[in-house]
Q: 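What follows is a single structure, and I will ask about it in a moment.
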Number of protein chains: 2
Amino acid sequence: MSTEDVLAAATRAKEAAYELATATRATKDAALEAMAAALAAHEPAILAANTTDVERAEEGGTAPNIVDRLRLTPERLAQMAQGLREVAALPDPVGEVVRGGALPNGLELRQVRVPFGVVGMIYEARPNVTADAAGICLKSGNAVLLRGSSSARSSNAAIVAALREAVVSAGLPADVVQLVPGDTHESVKALMRARGLVDVLIPRGGAGLIRSVVEESTVPVIETGVGNCHVYVDASADLDKALAIVVNAKTQRTSVCNAAESLLVHADVADDFLPLVIDALAERGVRIHGDARFGEYDGIEPATDEDYATEYLSLDIAAAVVDDLEAAIGHIRRYSSGHSDAIVTESQSAARRFVAAVDSAAVLVNASTRFTDGGEFGFGAEIGISTQKLHARGPMGLPEMTSTKYVVTGDGHVR
Amino acid sequence: MSTEDVLAAATRAKEAAYELATATRATKDAALEAMAAALAAHEPAILAANTTDVERAEEGGTAPNIVDRLRLTPERLAQMAQGLREVAALPDPVGEVVRGGALPNGLELRQVRVPFGVVGMIYEARPNVTADAAGICLKSGNAVLLRGSSSARSSNAAIVAALREAVVSAGLPADVVQLVPGDTHESVKALMRARGLVDVLIPRGGAGLIRSVVEESTVPVIETGVGNCHVYVDASADLDKALAIVVNAKTQRTSVCNAAESLLVHADVADDFLPLVIDALAERGVRIHGDARFGEYDGIEPATDEDYATEYLSLDIAAAVVDDLEAAIGHIRRYSSGHSDAIVTESQSAARRFVAAVDSAAVLVNASTRFTDGGEFGFGAEIGISTQKLHARGPMGLPEMTSTKYVVTGDGHVR
């Protein structure tokens with residue numbers, strides 16, 4: 001029953017996607033503006049629905065920080081609307097000619113960006129993702145099937161009702177934005193097996209969610225977000241820059257995937273740098289899980305292998321002293337999740353080697369890992385940060401939400 | 001046992017891939033030249049091994065056309081060597097800056113092509129794929145795990161032994177080119193589940209092979225090759241061009257994925273075009289599986305739904321008369337495998353609508369579907385033709401065998 005409902009929704013999405021794929025930028029931008037206006041117009045209904053979700057979560061004993069993520073306010077709703085307007089202002093990726101030219105036989109060849117078709121989003125509590133994802137998908141010409149957390153079901157239903165009304169008012173089919181029907185695992189599973197109807201699945205959330213989607217899905221998946229990010233302080237580092245970068249990468253915001261989770265220090269600067277960094281981190285309430293060299297100082301908890309592999313997302317950091325640059329690279333190859341890894345060094349050759357040898361979505365030299373972000377990179381909107389190597393790697397903006405097709409034009413050409 | 005062997009081979013491939021990823025173009029080209037020379041130097045051993053495979057296949061009652069694909073000759077071996085030299089002459093995709101610039105805060109941002117790491121190839125009988133895939137993977141900086149058909153096991157072992165010797169002579173680790181150990185389904189399965197060790201799987205072969213890889217693999221897959229390609233003859237077609245294109249697309253080579261399998265004709269030109277095309281195809285031995293309108297002529301077999309969905313790869317073609325352009329688009333959306341679909345028309349607006357509405361890897365206007373090919377497109381080498389939308393779509397050359405990373409350079413930048 002639930003599976004059939006999901007497949008029916010996916011079929012409607014595919015039909016709607018054909019129409020959206022050939023919509024002009026003007027139509028899509030008008031729809032995005034209407035979506036922003038609709039969030040404001042439906043504010044009372046959306047906030048009322050959200051109150052239902054929040055009360056249910058509180059009654060169920062949900063942790064306060066999770067309840068906070070779930071909660072919508074007039075300000076948060078206004079931010080969601082503003083986000084939609086910002087997406088409207090971005091260039092349309094659809095139709096962009098990626099490369100083109102004439103072949104020796106006179107055939108004209110162009111590789112052109114086109115939408116994927118139907119995108120499935122599987123995500124956790126925050127209801128703002130519902131509007132963000134709908135906006136990015138619409139602008140990139142993709143119909144979207146949204147599967148948020150069941151804890152946000154009333155909020156998401158109210159948001160999507162408003163967005164669909166807006167889409168129709170702009171002359172596009174309502175089914176370019178849909179909630180996945182059903183609240184069960186059965187319905188997520190149906191989405192993950194809807195190969196041929198759903199073109200791409202993007203899971204956003206914790207490592208467990210992402211792993212289960214990767215394991216179960218036959219629809220192609222873009223993995224996002226798990227970040228066990230490293231900062232390596234080289235023998236040739238400017239220690240002031242190193243200190244600022246470590247503190248920023250660890251403490252500026254701890255719950256995000258581009259926060260640093262591990263610190264590696266070259267043995268040659270350990271005596272100078274360890275006292276500085278241990279003090280600076282302690283001052284900001286960071287617990288250091290360190291190796292034996294770090295353990296020579298007060299207040300260091302001993303690190304296990306598990307610590308070096310952990311994405312804490314908290315005021316914790318794993319730390320070790322390494323013999324040289326190659327040992328740092330070896331450690332990162334072993335433990336990094338391939339999100340963002342940084343070196344602090346004044347040495348050209350060390351920077352060159354680190355950049356070449358560390359195989360991560362972003363490799364940073366003398367900069368905080370916190371810069372790996374669609375907004376910081378100037379992409380204007382971000383659907384997530386891909387940590388896989390296929391299709392898109394790193395922050396994904398609008399162009400990453402498209403495929404391409406080859407258009408070949410001749411005049412009766414045969415082989 | 002077999003699973004452990006595969007994982008051990010994948011682990012060696014991953015280690016070797018780190019070294020290959022930072023090899024210079026000069027080193028890689030020297031390895032490719034050495035690989036070409038090694039195929040010549042080992043010709044007696046390779047041909048002897050091939051004779052074993054061919055005799056076993058013949059004794060087992062394998063169909064002659066399959067035995068022919070399996071058979072190597074001095075000429076075919078020379079072609080394989082020539083292919084490796086041609087790959088050496090192509091530009092190195094690794095290190096190419098895809099985009100780059102300075103951010104408002106002075107950070108320098110570059111998106112740079114890097115190898116995937118470890119590529120798994122699963123393919124059928126032809127032993128030439130072994131050398132072709134090894135060459136393309138090596139040039140793009142990827143270690144490769146080759147899993148050919150068990151019917152070609154002796155040939156593949158002899159070829160890979162020669163290639164590994166050559167790779168080592170050029171100063172690269174032998175394990176950048178490996179056969180997947182073991183001949184059982186267990187060993188293929190281990191390859192498909194080696195997430196974290198194998199970065200990408202590329203199946204090349206029939207629809208059944210590709211479907212099973214897509215279903216079972218947790219490693220990201222690039223689907224290749226199934227082609228149910230259409231030629232649509234529009235009301236505004238030049239019928240001479242249409243005839244030449246249909247005959248070429250169907251008959252120039254029937255066993256390939258870019259051959260036409262379906263013909264659609266606009267009702268307005270049916271009376272003029274059907275007699276011409278039926279004669280021309282009959283003359284070349286093509287069996288037409290047609291709808292009622294085609295059935296008014298002699299020698300037409302009635303088409304079923306199944307015919308319209310079939311990739312014949314033979315001298316057969318499904319055919320139908322459609323009421324208009326939209327009906328042709330509807331038919332293609334329903335039955336096309338999204339490989340290559342062509343319109344023949346002199347009408348700008350019909351061409352524009354067809355190109356926009358048909359969602360295939362290649363959409364051709366007044367040109368044969370046979371042009372969808374890495375060689376024809378000028379890519380110089382082709383690992384396969386992707387029919388999926390993620391990562392690469394259409395013919396895949398060297399750049400499609402890479403991922404990218406972002407390199408971010410600052411001077412102590414923090415947020």
Side-chain angles (χ1 to χ4, degrees), chain A residues 18 21-22 103-104 107 109 111 114 116-117 195 199-200 214-215 218 220-222 238 240-241 244-245 247-249 252 333 351 355-357 359-368 370-372 376-378 388-391 393-395 403-415, chain B residues 18 21-22 103-104 107 109 111 114 116-117 195 199-200 214-215 218 220-222 238 240-241 244-245 247-249 252 333 351 355-357 359-368 370-372 376-378 388-391 393-395 403-415:
Chain A
Y18 283 131
T22 56
L103 301 179
L107 276 179
L109 179 68
Q111 186 183 16
V114 295
F116 287 127
R195 201 176 168 88
D199 293 289
V200 182
V214 164
E215 288 282 330
T218 57
V221 173
I222 301 180
D238 176 321
D240 291 337
K241 293 178 192 169
I245 288 170
V247 168
N248 181 262
Q252 198 235 356
R333 282 180 176 170
V355 164
D359 185 26
S360 297
V363 184
L364 303 103
V365 179
N366 294 332
S368 169
R370 291 278 293 118
F371 285 110
T372 305
E376 293 293 324
F377 279 10
Q388 71 178 30
K389 295 186 188 174
L390 217 58
H391 184 72
R393 200 174 186 206
S403 182
T404 59
K405 71 164 75 150
Y406 285 100
V407 179
V408 185
T409 313
D411 190 35
H413 282 64
V414 296
R415 281 178 75 176
Chain B
Y18 284 132
T22 56
L103 301 179
L107 275 180
L109 179 68
Q111 186 182 16
V114 296
F116 287 127
R195 201 176 168 89
D199 293 289
V200 183
V214 164
E215 287 282 331
T218 56
V221 174
I222 300 181
D238 175 320
D240 291 337
K241 294 178 192 170
I245 288 170
V247 167
N248 180 263
Q252 198 235 357
R333 283 180 176 171
V355 164
D359 185 26
S360 297
V363 184
L364 304 102
V365 178
N366 294 332
S368 169
R370 290 279 292 119
F371 285 109
T372 305
E376 293 293 325
F377 279 10
Q388 71 179 30
K389 296 186 187 175
L390 217 57
H391 184 70
R393 200 173 186 206
S403 182
T404 60
K405 70 164 76 150
Y406 285 100
V407 179
V408 184
T409 312
D411 190 35
H413 283 64
V414 296
R415 279 179 76 177

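Below, each value reflects all heavy atoms present in this structure, side chains not excepted, and no hydrogens, waters or symmetry copies. Residue numbers start from 1 in every chain, and the chains themselves are labelled A, B, ... in the order their sequence lines are given, proteins ahead of strands.
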Q: Which heavy atom in A:Leu390 sits nearest to a heavy atom in B:Val221, and how many Å separate them?
A: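 In this case the closest contact between A:Leu390 and B:Val221 is CD2-O, 4.0 Å.
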
Q: With a 4.5 angstrom heavy-atom cut-off, which part of A:Val363 approaches chain B: side chain, backbone, both or neither?
A: both

Q: Do any N or O atoms from the side chain of A:Lys405 and from the backbone of B:Val355 form a donor-acceptor pair under 3.5 angstrom?
A: yes

Q: Given 3.5 Å as the limit, does a donor-acceptor pair link the side chain of A:Arg370 with the main chain of B:Arg415, or not?
A: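 Flag not set: sc A:Arg370 to bb B:Arg415 has no pair under 3.5 Å.
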
Q: Could you pull out the closest heavy-atom pair between A:Ile245 and B:His413, with the gap in Å?
A: CG1-O, 3.9 Å

Q: Closest heavy-atom contact between A:Leu107 and B:Ala367?
A: CD2-CB, 3.7 Å

Q: Just how far is it from atom CZ of A:Arg195 to atom CD of B:Gln388, taken to the nearest 0.5 Å?
A: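 Here the rounded value is 7.0 Å.
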
Q: Heavy-atom distance under 4.5 Å to chain B: side chain of A:Ser360, backbone, both or neither?
A: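 Contact with chain B is through the backbone of A:Ser360 alone.
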
Q: Under 4.5 Å heavy-atom distance to chain B, tell me which part of A:Arg333 shows up: side chain, backbone, both or neither.
A: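 Answer is both: backbone and side chain atoms of A:Arg333 are under 4.5 Å from chain B.
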
Q: Where on A:Ala361 is there a heavy atom nearer than 4.5 Å to chain B: the side chain, the backbone, both, or neither?
A: backbone

Q: Measure A:Thr22 against the heavy atoms of chain B and call it side chain, backbone, both or neither at under 4.5 Å.
A: side chain

Q: Is A:Val114 close to chain B through its backbone or its side chain, or both, or neither, when contacts mean heavy atoms under 4.5 Å?
A: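 The side chain, not the backbone.
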
Q: Please flag which part of A:Leu109 lies under 4.5 Å from any non-hydrogen atom of chain B: side chain, backbone, both or neither.
A: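 Only the side chain of A:Leu109 comes within 4.5 Å of chain B.
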
Q: Over all heavy atoms of both residues, which pair between B:Val408 and A:Phe377 is shortest? Give the atoms and the distance, please.
A: CG2-CZ, 3.8 Å

Q: State, to 0.1 Å, how close A:Asp359 and B:Phe116 come at their nearest heavy-atom pair, and which atoms those are.
A: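 For A:Asp359 and B:Phe116, the tightest heavy-atom pair comes out as OD2-O, 4.4 Å.
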
Q: Ignoring hydrogens, what is the shortest heavy-atom contact between B:Thr404 and A:Arg393? Give both atom names and the distance.
A: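 So the minimum-distance heavy-atom pair works out to O-CD, 2.8 Å.
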
Q: Answer with side chain, backbone, both or neither: which region of A:Asp411 has an atom nearer than 4.5 Å to a non-hydrogen atom of chain B?
A: both

